[in-house]
Peer 1: 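Just passing along the structure, written as structure tokens.
First the proteins, then the strands, lettered A, B, ... as listed; each starts at 1. Side chains included, hydrogens not; waters and symmetry mates left out as well; all remaining heavy atoms used.
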Amino acid sequence: MTYFPILSFITFLPIVGMILILFIPKSQAVIIKSLTLVITGIQVIAALFILHYYNYSLGGINDPNSFQFIEKFRWIDIAGFSWIGRIKIDYFLGIDGISVPLVLLTAIVTFIATISSWTINKSVKGYFALFLLLDTGMMGVFVALDFFLFYIFWELMLLPMYFLIGIWGGPRREYAAIKFFIYTLFGSVFILLVMIGLYFSSTETLADGTKIFTFNMLAMMNPHNFTQFGILSPLNPNNLRLIAYIFLFIGFAIKIPMFPFHTWLPDAHVEAPTAISVILAGVLLKMGTYGILRVCFPIFPEITQQLVWYIALFGMINIIYGALCAMAQKDFKKLIAYSSVSHMGFVMLGMASLNTLGISGAIFQMFNHGTITAMLFLIVGVIYDRAHTRDLEAFGGLATQMPVYTGFVTLAFFAAIGLPGLSGFVSESFVFLGAFGFGLIRVLTVVSTLGILLGAGYMLWTLQRVYLGSLKEKWTSLTDLTFREYAMFIPLSLIIIFLGVYPSAMLSLMNTSVNSMVKFMADAKVMYSSLAGF
Amino acid sequence: MNVYDIIFYLFAAITILSAFFVVTTRNIVYSAYYLLFTFFGVAGIYVLLGADFIAMVQLIVYVGGILILLLFGVMLTNRITSVEIRSGSIHVVPATIGVALFAGILLASMWNTEWKSVDTAAPAATTQNLGFLLIHQYTLVFELLGILLLIALIGAASMARK
Amino acid sequence: MNTISLNYLVDSLKLIKPEIALSITLVLIVLVDLIMNKDKKFLPYVFVAGLLVTVYLLIEQFSTSAFAFTTAPNLGMVIIDPFGNFFKLLIAFATIIVIMFSVLSNEIKEGLDRQGEYYALMSGMILGMFLMASSADLILIYVSLELVSLSSYVLAGFNKNHVRNSEASLKYVIYGGISSGIMLFGISILYGLTGSTNLYEINSLIQASQVHGLTFIVASVLIFVGMGFKISAAPFHFWTPDVYEGSPIPITAYLSIASKAAGFALLIRFIKITFIQSVDPNGFWHLLNVIDWKTFFIIISILTMTLGNFAALWQNNMKRLLAYSSIAHAGYLLLGLTVLSNEGIMAIIIYFVVYGIMNLGAFLVVMLIANKLGSEEIDDYDGLGSKAPFLSVSLAIFLVSLTGLPPTAGFIGKLYIFMALVDAKMIAVAVIALLNTVVSLYYYIRVLKHIFLNDPQKETQVLSTSVASVVFLVVLITPVLLFGIYFTPLVDLAKSSISLMGF
Amino acid sequence: MIQVGLNHFLVVSTALFALGILGIVTRKNAVMVLMGIELILNSANINFIAFAKFGNFGFQGQAMALFVIILAAAEAAIALAIVLNIYKTFSTVNVDEIDTLKD
Amino acid sequence: MTEPMMINLALAILFLPLLGFLVTLLFGKRIKSIYTFEIAIIILAFVGAVVLLFTKLSYYQNTDIVSQVSWINLGNVPLLGNTTIDIGILIDNISVLMIFVVTLISMLVHIFSIVYMEGDRLYNRYFAYLGIFTFSMTGIVFTHNMLMMYIFWELVGLSSYLLIGFWYEKKSASDAGKKAFIVNRVGDLGMLSGILLLYTTYHTFTFSQIFSQIAAGHFPLNSEFWLTVTGILLFCGAIGKSAQFPLHVWLPDAMEGPTPVSALIHAATMVAAGVYLVVRIFPLLTSGALMFIAVIGMLSAFIPATIALTQNDIKKVLAYSTISQLGYMVMGLGVGAYKFAFFHLITHAFFKALLFLGSGSVIHAMHHEQDITKMGGLRKKMPITYATFLIASLAISGIPLTSGFLSKDGILQGSFAFGSLTGYWIFAFVGFLVAMMTAFYMFRLLILTFHGEPRDHHKYEHAHESPFTMAMPLAVLAVLSIFIWYTPNPFNPEQGAILSNWIKTPQLVTPQDSRFNFMKSELPANVAVQQVTQNSEVMYSESYTQALEGAHIPSLLLSLTLAGLGILIAFSFYQWKKVDVDKLADSIKPLYKLSYNKWYFDEIYGAVFVGGTLLLSRALAWFDQYIVDGIVNGAATVTRAVSRFSGKFDNVVVDGMVNGTAYVSGFIGLIFRRFQTGKVQTYIVLVVFSLVILLFIFK
């Protein structure tokens, strides 16, 4: 089957853009910005193409044949004598129902963030070059099916992010940037270790029947592909799968960010420029949960089942803890940052349920959180651009001065607290329905529902402090939204409303995959317990 | 206790005692002279071990070359006008402890080792045999030493010249 | 009475053509220096030409495996094998690059009248390194080590009027003198135990008879001191920061790569040939049960990398920082040896190529910056990102590669090391090493922070970069990025280089 | 007293070795530090020759000693040149005072 | 009219207000008179509702019309097979009656607001909000499943938030909006948990499917206990929305909203949603759940009634009275008087809306004066308002010939019967007590406002009768508060079609042994299952029917007496001034203060829940900033101690090294640095020592 390699296109297009930008003279800021906008715009179109040609009936997960838009060829192929040094790495891209929403999300959020970046005036060239590099890294993570490739993309986005926060950020940007960098690197070295361990434990059968070690994630999901004595092989009675799982999980959890690894997030968010906060919250955090879904769950199904309670527990802690912390914040952006912690807790809770509703809810929540939080950060950005402060206490009554803006704010806030008719509601409900359906974590789920109460608490309180009440004298000069800001808010609002009313549009994308995943996890229980008898 | 033994102890005593003074004497010139005795003692030991050629080389190179070099070093780096050319010591306590421990381990291990010991008379033609080794088995080393000396020459000249 | 066979010499000389070429180069340099009294700018090109010939000869005999200067079947002073040839090639290339460095360096230009000595010493040093990489006899090992050391003592203090240059060379010579003395003492004990100085012979002797444990261990450890000094492995690393900081930058770069490479080649050869019992089909070595080398190297390597990384956190001088970083990298490299397998050797070789390129690159940028700024202090790098964007970005790439982040070659180097470790099931060691990587990120990124994130303290003026240095940098950056995403040639090279003579 | 044998020579060499290290470590004057290095080299030479003699290993040991002596000369030359240079730049040869390069 | 047509009509009624909302909101800025569109829409919706009501009750009296569509398709779910989440609408007698009430009052409020809100800056926005409210409320009414119920439940919460906080510049208004939303969410949490229990058990949200599965003996977590819990949890939603004790605190505050809004949502419709929810889930309520509901209803009837006795704000009095009346309804449901409770819902909607609109009229006339102690004598100035207000007051007091008498008496009768059957007389007792209090405070309000002499002459002078658009709704509602619409016999509601034919107690689906004795079905279980979906009359057991009939006369007499007594006392206190009220208040000061300060609920909640949460959140934020970050960052305190020894450390800390591993790393690095003295001989000592150590390790 030959067709246009759309996944490579969508992934590497930004790199092409980056190279082009490097050749544009520094002074041509507008050209650089427009070029970035065009590139990200094409990405959105490409994502819509993917959506259009996506076959809803194919499941993916562990079945290579039901992935779509597959691009696979040998990337690194080093023959060895004996087995030493033999290494085969595939350039293996493909998407299923779990990645499609995130590809879409990445394209959209990046596009919006580009519009938001229009205000950047300092080293424009560097900013947009790094921005596009970041884009490639994020997109790559969601389409890579080879662990090695996945890891490369995973790490690829660290450095641009560091600079984007560190150079274009707020007053304490250096601290925030390095904190982000060190935390995430700390997480990713564990991922690297487990990746290597898995490589030496799993094999792939070549066309000629020989078995070789593999980085292919799909091959790792089949327990029959494991070697007899690999340290991470379930066949090996002394395997280290539990420890590896925890390592891997921590690696991903730092990105989510999961309590107690979340402390980088408020700093990074607060210091990052608006567009980067949008990307951080909108896409980057999803990489953690995506990683857990794509890697931890199907490769270690039996461990997942053992640890599901803890995952849910941490999900619950995230929800409650994040919400309570958000409530105490005086900095608008920090509040939103903590609300992200809380919302990502829902994703974890949903994943832990291991049933269709929960996992669909989790993925859907990933998408929704991406759009909603992007919007929230843009909202903070708008106010910060005008007032140059984010102190919640400093404002009041902006609704009078900026009615349209306040309208969008209200929409975003209510979406964030899960109001029906807006997308957040469906995903949160699904998470609860799914998690509650799993007896083991039922109590945790009930406690987690407190999160929606607290969420309403801090969001409405913020709404009141900033937008309602009487207008303060010094803010009478603030102006309402500009055309550019409309261009950011309207698409996001439409998505939020559309998915709230017609969630099937997104849910049907992932249904088949989620169901195969649930089925796979359930079957794996039997399969792995039979393996233990080896 | 035969003559051989007595001579050994004599040379050993000269070597070690003078080496001890080299290390401990405060006056630098004195310690250079004690070094002379050490080299001399070592040469004696070489002779006792049947290495007459090496003993000669020791005397010529060490005493005639290196020691003079060192003395020049002492002279050039100190104001000759000052009568007392003294140099202090540092780290005496930790160094002594460390070195003692180290030497203790060395001695203990060496003492307890069953060395290959074959009692044979020293062959007469040491020089010829050495010469053969130098141009046969050790040709490369020999040549290399030539290059090394050249490098040392260049290096020393480069360093020392104005 | 033995008879001298001329064939013995002729056969041997055929095998050491690269070394001969080097010796001729040395002589040529001295001659050219003498003849061209005034204009000495040809000297480096003479040297490079000689090196190119050497490289050609090396490539020609790359896959040859043979003994030279044999006295008995399967014994020999010098071994020509792909492993040694690889390191020689690496050293030769590093030398060529360092010569280019020297041409660009302000520090070296200062001592213009002593250029001849500079290159002569360098060629002596490279000859010593070549022999270090290929000798199988303790005598030759010692002599070649001394050859390298003596040249490098002088080179470290090349700008003799600079306080820190001369201090560096004094420290180096004292430290080096005692290290080689200790090593020599160890060699003498080993000689006493076995009656031979040839590694192969020693190996067969140990295999044949029981050798006394403790003395043997003492001898091995004492010998290791000399090698540990060369590769700056803790706790024999103390000279490294001081000497690296004090020396002219090209020499620092040279010491950190070529000298270290030679040291590693020697160490690996020494360990493998002397102590090997057998190699199993999976490439794991079964060493003679004399000393627990595995534990020994684990301790040394973890100590080395931890110390290097943690001490580097505090450095404000770029050269010193890179010195500590090179200590840390020695630790990573030693990890490959702890595995005691062919795979580990392969990892070391891969790492060395990568490390060589990125470290040279980093030093080159530091040097170019020092040429312009006259400073190596990290604080003076503030705002360099806008003043000298190309240099800054280049340095960023090299430092990221040194950290080991994909998609740079540094990642591939680390990947192979960790793969070797995981394959040998040394997970705990791997974890420690990985955590070390995280620590290392901090100080590398701190440099980038100063360059890009801090605003310049002084007024901004754009620093120009000469075309030569740009070309040169591009030459170094290209493999760093290329090997990061396509490392097949790298691994192929390493694979063809892991075979040591005899095993 | 027992018959003088290999061990006696080894004791001498070890003592010399230890004293050499002691000298290197404790003496302030750089020239004296060099003297310590020479002591170490001498001790190793005694070992070589003694082992060769008692183990009947042939002349390798002596050849080794010969090389070492030559090396010692070269090393001493270079080291002294460096010391002289130090004296020029620092006006002192006390090793413990030469510590501008440090953390 | 065919069934599909009715469904379409229902959909039209549902979505028209949404259209109105969108159009009014989006064009509100541009087109000044866009509000007329919204009004037209609501009139259209009302007409539709009338048609629907008429059709349903005339032609499909015993048929439920259901239409559903799959909203979300979950695909082939493992273990469950193809799964969909359905939403749909259900048209039965209850819903059409309810929709009639909702659209009617909504329409009247729209009309009333035209003048009342005139001149407001956000005039159009106000009508838009009314539109979204009507939409949400209609959704609740029409839903045939729990999910949609929850969705519209929350949307109602949103619209009430928007409407209460409509004058958002006023801090008290936006506070009240926030409070309403959050307090409602507390109840919703319980409801959500109940829904979770239901869905995980039955994998459907649809009422009828849930009921039939329960009837088939399938319970949440396989236990009847959890069925009870489910019922109580779902009821929690009603506690919030219907402002039942202990979540009633938001409703009085919600009076910050414009008065017509209070009439619409805080009297007639939204707060009734809670009762409507209980009506919908009534079949699955076990005796335990019913008992719980009855107790909550009783408390909610009693406590606010006591508070209403002393309030001076005209709207606050009405607010507390609303809670109290809703408590009646809930209690009625709890004691099994299903029909009467729903009936009271309808009648109360009319007269309470009337009261609010009347008070709005008064407030409008008095230039936004709400304190009744400053009014008086308005009877003459505002005759229409007075007359309608009087009718409503009589209705709420349960005086014969009014609708309130019919429905309230029914509830009292039901609780009386309940008492006689189960021995729990407390409900009946409180019911009667509250009836008296109601009469008292309503007439206190009426007298202080309309009778006597004006207390604020300035305002009085300017007072005037309201224009037609305000008076008309009052009149319409007043007319609807007369008995005649409901029953021909002013003393027996059951003779009217509404109770005898339209509202029918549904068949319970709970297992026999978890019902009150009198509710136990005398039909075989399998028959009961079949009857679940049919709209046939079920009257529990024979004994209940008898008890109810027996209770009719006593409760009627008692309630009449008590109501009359209440009115009498009110007149003697305030009209005739026979008793010095202030003195009386003084003599029972603690009680008076308790009542006047609303039993201190706000203060207690403020201190315990709001304060507690804020305290916890601040503590956690502190914890997060200092402890969690601190732990991960390494021992910060250790570092600070170290920094004293090394001045440089501080520099580096300032330099941005306040970082994770860096603390500990830096410390280790510091130790390592100690060795690097720059003195070569020191290095060699160290080498010697390390050699010794190495040799010791490997010997």
Side-chain angles (χ1 to χ4, degrees), chain A residues 22 26 74-87 89 123 125-126 137 148-149 151-156 158-159 162-163 165-167 169 173-174 177-178 181-183 185-190 192-201 213 229-232 238 240 243-244 247, chain C residues 280-283 341-343 345-347 350 385-386 389 393 396-397 400 403-408 411-412 414-416 418-423 425 427 430-431 433-439 441-442 445-446 448-450 452-454 484-492 494-496 498-499:
Chain A
L22 291 180
K26 218 182 257 177
R74 271 280 116 88
W75 166 27
I76 301 287
D77 184 356
I78 300 162
F81 46 87
S82 162
W83 60 268
I84 304 161
R86 182 170 61 194
I87 189 165
I89 301 173
S123 322
K125 190 170 160 179
F148 191 85
L149 198 61
Y151 187 77
I152 299 255
F153 283 124
W154 178 274
E155 297 264 290
L156 185 65
L158 284 184
L159 203 67
Y162 168 78
F163 284 119
I165 297 174
I167 301 181
R173 55 180 190 249
E174 292 160 13
I178 200 146
F181 203 164
I182 295 217
Y183 259 89
L185 187 74
F186 177 78
S188 58
V189 291
F190 287 124
L192 174 66
L193 197 63
V194 177
M195 176 180 97
I196 296 171
L198 281 170
Y199 172 75
F200 283 115
S201 308
F213 288 136
F229 297 109
I231 45 170
L232 297 185
N238 303 320
L240 301 172
I243 295 168
F247 272 18
Chain C
D280 74 12
N282 281 342
S341 74
N342 289 350
E343 202 190 1
I345 300 307
M346 193 174 86
I350 293 171
S386 51
V393 171
I397 292 173
V400 166
T403 319
L405 293 179
T408 56
F411 171 66
I412 303 303
K414 286 226 167 73
L415 177 75
Y416 267 87
F418 290 123
M419 278 176 59
L421 283 175
V422 171
D423 195 26
K425 303 194 169 41
I427 308 296
V431 170
L434 279 169
L435 292 179
N436 258 291
T437 309
V438 178
V439 175
L441 171 75
Y442 182 77
I445 212 72
R446 195 172 140 245
L448 297 187
K449 189 197 97 174
H450 276 276
F452 293 104
L453 271 52
N454 288 9
I485 48 175
Y486 189 71
F487 48 95
T488 310
L490 192 60
V491 182
D492 279 335
K495 231 167 35 196
S496 58
I498 58 167
S499 63

Peer 1: Hey, could you give me the CD1/OH distance between A:I196 and C:Y416, rounded to the nearest 0.5 Å?
Peer 2: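 If I round to the nearest 0.5 Å, the distance is 10.5 Å.
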Peer 1: Select one option (side chain, backbone, both, neither) describing which atoms of A:L159 are under 4.5 Å from chain C's heavy atoms.
Peer 2: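 Contact with chain C is through the side chain of A:L159 alone.
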Peer 1: Looking at every non-hydrogen atom in both residues, tell me the closest pair between A:Y151 and A:M195 and how far apart they are.
Peer 2: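 That would be CB-SD, 3.7 Å.
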Peer 1: Please identify, among C:T408, C:I350, C:L434, the residue contributing the most non-hydrogen atom pairs under 4.5 Å to chain A.
Peer 2: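 Looking at each option in turn, the highest pair count goes to C:L434.
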Peer 1: Measure the NZ-OH distance between C:K449 and C:Y442 for me, rounded to the nearest 0.5 Å.
Peer 2: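 Atom-to-atom, C:K449:NZ and C:Y442:OH are 6.0 Å apart.
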Peer 1: Mind checking the CE-OG spacing from C:M346 to C:S496? Nearest 0.5 Å is all I need.
Peer 2: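 OG of C:S496 is found 10.5 Å from CE of C:M346.
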Peer 1: Heavy-atom cut-off 4.5 Å, strictly under: side chain, backbone, both or neither for A:L240 against chain C?
Peer 2: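 For A:L240, the contact with chain C is made by the side chain alone.
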Peer 1: Is A:L193 close to chain C through its backbone or its side chain, or both, or neither, when contacts mean heavy atoms under 4.5 Å?
Peer 2: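 Its backbone and side chain both get close to chain C.
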Peer 1: Check whether A:F153 gets within reach of chain C through its side chain, its backbone, both or neither, counting any heavy atom under 4.5 Å.
Peer 2: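 No part of it gets close to chain C.
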Peer 1: Measuring from atom CD1 of C:I485 to atom CD1 of A:I152, what distance do you get when rounded to the nearest 0.5 angstrom?
Peer 2: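 Atom-to-atom, C:I485:CD1 and A:I152:CD1 are 8.5 Å apart.
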Peer 1: Relative to chain C, which segment of A:F148 carries a heavy atom at a distance below 4.5 Å: side chain, backbone, both, or neither?
Peer 2: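 Contact with chain C involves the side chain of A:F148 alone.
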Peer 1: Quick one: salt bridge (Lys or Arg N to Asp or Glu O under 4.0 Å) partners of C:D280, sequence neighbours excluded?
Peer 2: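 Expected list: none.
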Peer 1: CD/A:E155 to CG/A:L192 distance, rounded to the nearest 0.5 angstrom?
Peer 2: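 Going from CD on A:E155 over to CG on A:L192, the span is 7.5 Å.
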Peer 1: Go through the atoms of A:L149 and report whether side chain, backbone, both or neither lie under 4.5 Å from a heavy atom of chain C.
Peer 2: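 Neither part.
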Peer 1: Quick check on C:F487 against chain A: is it the side chain, the backbone, both or neither that has a heavy atom closer than 4.5 Å?
Peer 2: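 Both parts, backbone and side chain.
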Peer 1: Of all of C:L448, C:L415, C:V393, C:T437, which one pairs up most often with chain A through heavy atoms under 4.5 Å apart?
Peer 2: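 Ranked by contacts with chain A, first place is C:L415.
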Peer 1: Please round to the nearest 0.5 Å and tell me the distance separating atom CD1 of A:I231 and atom NZ of C:K425.
Peer 2: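 Reported to 0.5 Å precision, the distance equals 6.5 Å.
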Peer 1: Which answer fits C:I412, side chain, backbone, both or neither, if we ask what part of it has an atom under 4.5 Å from a heavy atom of chain A?
Peer 2: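 Side chain of C:I412 only, per the 4.5 Å heavy-atom cut-off to chain A.
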Peer 1: Using a cut-off of under 4.5 Å on heavy-atom pairs, state which of A:Y162, A:Y199, A:W154 scores highest against chain C.
Peer 2: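 Winner by heavy-atom pair count: A:Y162.
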